[in-house]
Amino acid sequence: MNTSPTAQTHSTFQPSELDRKLIVATQEGLPLTPRPYLEIAEQLGVTEDEIITRMQRMQDMGVIRRIAVVPDHYKLGYTLNGMTVWDVPDDMINTLGRKLGSLDFVSHCYHRPRHLPDWPHNLFAMVHGRTQAEVDEHIQSIVELLDENNRGHDVLFSKRILKKTGLRIKK
């Protein structure tokens with residue numbers, strides 16, 4: 001779990017012109033073809049091996065976190081999304097954040113600053129479910145997991161998606 005943007009220790013990746021073109025070509029997803037890397041290679045005028053090597057290097061460096069299918073959870077019926085916010089002891093934030101982040105119904109988990117006196121919450125976890133009862137059950141699981149470290153919580157339910165994408169760089 002990242003504690004803040006300044007706490008990250010990643011070295012900065014300086015993409016070459018080809019790396020940048022590769023990122024732009026794949027940021028909307030890989031082509032749905034039997035050989036997606038070949039199709040990208042042909043677009044960029046390089047070999048398939050060059051694309052695979054560059055993508056593997058970026059994955060090894062953490063620039064690309066993973067290559068996977070990203071399902072649309074709404075189309076799968078997970079239409080109730082609640083951003084749960086928790087007030088937990090600061091000295092337990094990393095331990096508790098890892099526990100919440102490992103739950104299969106939590107898709108995002110962040111340490112955020114408190115804004116006292118109005119906003120005491122410092123741990124955020126997005127919970128997904130198909131029904132209100134399912135989301136309530138998930139929240140109760142977190143209450144039990146945090147136990148005495150839960151000094152208060154709230155849930156902010158999504159009403160609609162205004163924007164949902166990963167980072168996009170300009171072409």
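Predicted model only: the values in this text are computed from it and were never measured.
Around atom CZ of Arg65, no more than 12 heavy atoms belonging to other residues, nucleotides or ligands sit under 6.0 Å away. Residue-environment remark: CD1 (Ile161) exceeds the threshold of 12 foreign heavy atoms within 6.0 Å. In Phe105, the CZ atom is crowded: over 12 heavy atoms of neighbouring residues, nucleotides or ligands sit closer than 6.0 Å.
For the pair Gln132 and Leu80, the minimum side-chain heavy-atom distance is below 4.5 Å. Annotation: side chain of Ser141 is not in contact with side chain of Leu103 (no heavy-atom distance under 4.5 Å). In this structure, Leu44 and Leu18 have side chains that are in contact, with non-hydrogen atoms separated by less than 4.5 Å.
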Assess whether side chain to side chain contact (heavy atoms under 4.5 Å, CB included) is satisfied between Arg114 and Asp90, documenting all intermediate values.
-> CA-CA 10 Å; Arg114 302 171 195 277; Asp90 289 325; 3.0 Å; yes

After noting the C-alpha distance and the side-chain angles of Met55 and Ile67, does the key distance pass the side chain to side chain contact (heavy atoms under 4.5 Å, CB included) rule?
-> CA-CA 10 Å; Met55 290 192 73; Ile67 297 171; 4.1 Å; yes

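Under the 4.5 Å side-chain contact rule for hydrophobic residues, Ile51 and Val24 share a cluster. Under the 4.5 Å side-chain heavy-atom criterion for grouping Ile, Leu, Val, Met, Phe, Trp and Tyr, Leu96 is connected to Ile139 within one hydrophobic cluster.
Of all the heavy atoms in Thr84 and Ala125, the pair that sits closest is OG1-O, 2.6 Å. In terms of heavy atoms, Arg130 sits closest to Leu76 at NH2-O, 3.1 Å. Across Glu39 and Pro31, no two heavy atoms sit closer than the pair OE2-CB, 3.5 Å.
Looking at Glu17 and Lys21, a side-chain N of the basic residue comes within less than 4.0 Å of a carboxylate O on the acidic one, giving a salt bridge.
A ring-centre distance under 6.0 Å is found for His153 and Trp86.
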